[in-house]
S.K.: 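So that we are looking at the same thing, I have put the structure below in C-alpha cells.
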Amino acid sequence: MIPNDPMNVIICGVGGQGNVLASLILGRYFVDQGMKVTIGETYGVSQRGGAVMSQLRISKTRQPAPLMPSSRADLIVALEPVEGLRMLGQFGNPTVTVLSNTRPWLPMSVLAGEHEYPEVSLVLDRMGRFSEALWKVDATEIALGLGSAILANIVMLGALQASVLLPLEETAMRRTLEASLPPKRLEQNLQAFSQGQEAVKRH
Amino acid sequence: MVHPITQESPDQVMLLMGNEAIARGIIEAGASIAAAYPGNPSSDIVDTLAKAAKNLDMHVEWSVNEKVALEVAAAAAMTGLRGVSAMKQNGLNVACDFLLNLNLSGIRGGLVLVICDDPSGISSTNEQDSRLYAKMGELPLLEPSTFQEAKDMTREAFELSEKLGLPVLLHSVTRLSHARGNVTLGPLPGPKGKPSFDRSRPFVNVPAPANAHRRLKEKIERCRDIFESSPRNFYQGPERPDVMLITTGAGLFYSLEGVEALGLDVQVGILKVGTTFPLPSRFLLKHLKKAQQVVFVEEGAPFLESGVKELYAEHAAGLPSISFLGKAEGALPQVGELNPDVMIRLLGRLLDCPRETRPESYEHGIRAAVDELVPDRDLAFCAGCPHRATYWAIKQALALDGRNGFVCGDIGCYGMGGGPAGWSQMNTMQAMGSGAGVAAGMGQLTNMGLDQPVVAICGDSTFYHAAIPALINARQHGSNFLFLVLDNDATAMTGFQPHPGLGTTATGQAAPPVAIGDLCRAMGYPVDMCDPYDLKATTDAIMRGLEHEGPQVLILKRTCALVAARQGIPPGRVILDTDRCIGENCGCGRMCTSAFRCPGLGWDPVTKTARIDQAICTGCGVCTRICPTGALKTEATS
C-alpha cells in the first residue's frame, strides 16, 4: 500500500498557512486505514511568521519516532517554495518527490528591503534538480479564486490525492475532510480539494 | 456535540497528541479537579479538558499560577477524590514549595502532577530536567514512551497515588506531548464518590517533620517493590547483546529508530524503563547481568544513567564488567534534545556499521542551493500587534530621555522585545514576573548612584501570576521605577487561555473580573493608562514616568490583534498615498519598513515605495503615525 515503510512525509510552509491541519487530516486518513501514524512538528514561536514543518510518518507495523533521520524524506509537500528547498537541504535525497505551491510568502527581511526573495523559477528549478520528480501547483492562486488564501493547504491535499504520490482513496479522503473541518466551512474546503485535484490532472 | 475525547467507545483508535492522550487518561481515571496555568509544551492537556468539560463531571480551571493550581488539585486528593495538575518545567519551579511539603503530609485520594519538559527550549526560556525534583521530593516518577503509554500510564498514576498516599509525577517531553500518534481508547469511569474531609487525619507535618519524612521513606520503598514488577519496564533483544540501550521516555523512539535504521536487532537490546524513580533495583540488576556495553538514551540530564551507575557500583561484585556510555561523558549530547541522527551515529560508531549517506554530488549541490536561495525567516510581532507599538514608544521615550534607561522584563509574546522584533528594548528576562522584582531592586540602586531610569514590563496574565508580590515589595520600600503592564486581554503565547482580568473561566463561565488598575491603586500606586496604538500619547506617558520619582504604573491597554480578529472586531484599513510616498528620496531611511518591521507593510523593489499587503494588514494605523510625509493613511471602513 505505502511504497516505503515507514513512509516519511514532510509538510512545510510558514506559520499561518494551515500546515498542522493538513498533516492532521492526512494522519487521520491513514489511522482510519489501520496504519500507525506519528506526526512531529515544529511549533511555538515559529507560528508567528516563522518556518514550520510537520513530519508525518506512516507504518504498517510500528509507531515511528516523531522525528525522521536526516536525508530520509520520501515526499515533501511544500506550501511555500523556499520552505520546500529548505527541507530538501536537510531531508532530501535523489529519490524524494516534491509537491510544491508556487506562491512565495515573503520573510520579514525581504519585506523590510534588506534581502531579496530569489526568483521562484530558480527555486523550483533547484527543487526539480534535487528530487526524483517535482509537481507544481498554483495553490494560493486557486485558493484566492475561492475567496481565501488560507484554503491553499486543502488545495494542496487535493493535488496530492490526484498526483498519487501517496495512496489516498478519494471517497475515504473526502470522508476524513468532512470529519475534520467545521461544517460551515466544509463546502468551500471541498471545492478547494476538487480544484487541487483538477490542477494536477491538467499538469 | 460530544467532544471526541470524551466518547465512550473502548478499543477505538484515535490519532491523538501526547497531551490529548494524557487528557484522555485523566478522563478515564475519573479525576474530579484539573487545574493548571498554561505553558507550552503542557497547555493542551487542560485546554482539551476545558473544551470537553461540559461532558465531564470535572472541575476544570486555568488557575492564577502553578502553585495555586497544584493546591487546588490537591484539595480533591485531600478529600478522597482524584485531582490533577499539568505544567511545564518552569511551572514546577513555581509549584515546588507546596509539592515538597505535600510529599511529607501525603494525600488520601489520587493526585497526579504532569510535568512537560522542553529539551532545547523550543518554546521556553530555559532547558531543565524536572525529573531531579522526583529525587529531591522522594516522589514516584513515571515516564511514558509512546502515545498509548501517555494515556495508560496517566490512568495508572492515579491508582499508584491512591495506593501509596503520595502525589505521583508523570513526566513528558515536547516530542511526546506535542507529537501525535495512535491511541486505543479505554473505558470511561463510573460515578465518582462524595468528597469529605476527615479532621482526625490532618495534613500537617509539624511538630515533627522528620517523622513524616520517615513515613515518606517507607512509602517510597513500597513503591520500589511495586515498580519491580511493572509491565512498563521490559527488555527486548538478544540474550547476550553487544550493546544494551537503557532508555526511558522519548528516548525509546530514538533507540528503536537507530536499531532499525542500521538493522541491528541481533546485536542490540533495549531495556526500557518506565518507572524511573525509585528505580526497580532487582529488575535492573537481573538485566545488567547480560550486558557488556551499556548506552543510556534519555532526554535531559543523565538521570536514569546516574541511578543505574550508582546501583551498579553497589552491586559490582556480582556483575560482569560493563562499560557505560551516555551523557555523563558526552557520548550523547549534554545539551539540546535527542534525535534519530545522534543515535544512528553513535550506534554506527560502536558497532562499526556506518549508515548510508547521500551521494556527495547531491550533498554539495543541495547545500549550495540552500545557501544561495533560502532566506532566514526572522520572528516578528504579528500585524497589528500592540507590542510593536509599545516597544516603538519605549525606544523613542528612552532615546528622548537620554539617560540610557533600561527595561527589565519577563516571559510572553512580548519577550520577543529582547530581539530584533522589539529593537532589543527588553534587557532582562528570567522568570514570570521577574521584571517587576528585578526592577524593584534596581529602583533601590538609584539611591546609590545608578543614574539610569529603570523600567519594568509585564503582560496581563503574568501580572496576576507573579508580579503582584514584587509590586507590593517595591511599594513598601519606595523603589524608583516605572512599571508598564502590556495588557492585551489575552494569554496569547500559549493559546489564548482566559486570565482573572477577562471575566470568564476556562470552561466559559462568567466570572467577576479582577482589574489590574484597581489592584495597583489599592497597593497605593499612581496609575496611568494609555492605548499603545497612540504612539505619541504613549511616548509622552512613558517620558512623564521616567521623570517622576518613586514607583508608578502605566497600563498599556489594547486587545491582541489575533484575539480581535477572533472576536470579529472589524479591521480598519491603511492605504498608501502614492503621491506623498517619495520612497528613497524621503530621507526617512525607509522607516516604515526597514525600521518598523510589520508583516503587513513591505518595500516594493519595483516602485521603490512602501506597499501594503491588504491580506495581512489589520489597519491598526500605527505606521501612519511614523510616516514623516503622511503618505500612510487610515481610511474609514464601512
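By convention in this document, chain letters (A, B, ...) are assigned in the order of the sequence lines, proteins followed by strands, and residues within each chain are numbered from 1.
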S.K.: Just so I understand: if I count every heavy-atom pair under 4.5 Å between each of B/Ala610, B/Cys598, B/Ala250 and chain A, which residue has the most?
M.R.: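 Top count of heavy-atom pairs under 4.5 Å with chain A: B/Cys598.
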S.K.: Which atoms of B/Leu373 come close to chain A, meaning under 4.5 Å heavy atom to heavy atom: side chain ones, backbone ones, both, or neither?
M.R.: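 For B/Leu373, heavy atoms of backbone and side chain both lie under 4.5 Å from chain A.
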S.K.: I need the A/Glu178 CD to A/Glu187 CD distance, nearest 0.5 Å.
M.R.: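 A/Glu178 CD to A/Glu187 CD: 9.5 Å, rounded to 0.5 Å.
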S.K.: Pick one of side chain, backbone, both or neither for A/Arg126, based on which atoms fall under 4.5 Å of a heavy atom in chain B.
M.R.: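 Just the side chain, heavy atoms under 4.5 Å.
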S.K.: At a heavy-atom distance under 4.5 Å, which candidate from B/Arg367, B/Arg590, B/Glu363 has the highest pair count against chain A?
M.R.: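 Winner by heavy-atom pair count: B/Arg590.
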S.K.: Using non-hydrogen atoms and a 4.5 Å limit, figure out which bit of A/Leu24 sits close to chain B: side chain, backbone, both or neither.
M.R.: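 Both parts, heavy atoms under 4.5 Å.
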S.K.: For a side chain to side chain contact (heavy atoms under 4.5 Å, CB included) check, start with the C-alpha distance between B/Asn182 and B/Gln148, then their side-chain angles and the critical distance, and finish with the verdict.
M.R.: CA-CA 7 Å; B/Asn182 296 51; B/Gln148 188 67 45; over 6 Å; no
S.K.: Does any backbone or side-chain atom of A/Val120 lie under 4.5 Å from a heavy atom of chain B? Answer side chain, backbone, both or neither.
M.R.: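 The answer is neither part of A/Val120.
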S.K.: A/Met68 versus chain B, heavy atoms under 4.5 Å apart: side chain, backbone, both or neither?
M.R.: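 For A/Met68, backbone heavy atoms alone lie under 4.5 Å from chain B.
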S.K.: Output the option from B/Val374, B/Leu176, B/Asp613, B/Val370 having the highest count of non-hydrogen pairs under 4.5 Å with chain A.
M.R.: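 Looking at each of B/Val374, B/Leu176, B/Asp613, B/Val370 in turn, B/Val374 comes out on top.
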S.K.: Given that the side chain runs from C-beta out, which part of A/Leu106 has a heavy atom under 4.5 Å from chain B: side chain, backbone, both or neither?
M.R.: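 Both backbone and side chain.
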S.K.: I'd like to know if the side chain of B/Ser177 pairs up with that of B/Ser172 as donor and acceptor (distance under 3.5 Å, no hydrogens or angles considered).
M.R.: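 B/Ser172 and B/Ser177 do have a side-chain donor-acceptor pair below 3.5 Å.
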S.K.: Charged N to carboxylate O below 4.0 Å: is that the case for B/Glu260 and A/Arg62?
M.R.: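 Salt bridge flag = yes for A/Arg62 with B/Glu260.
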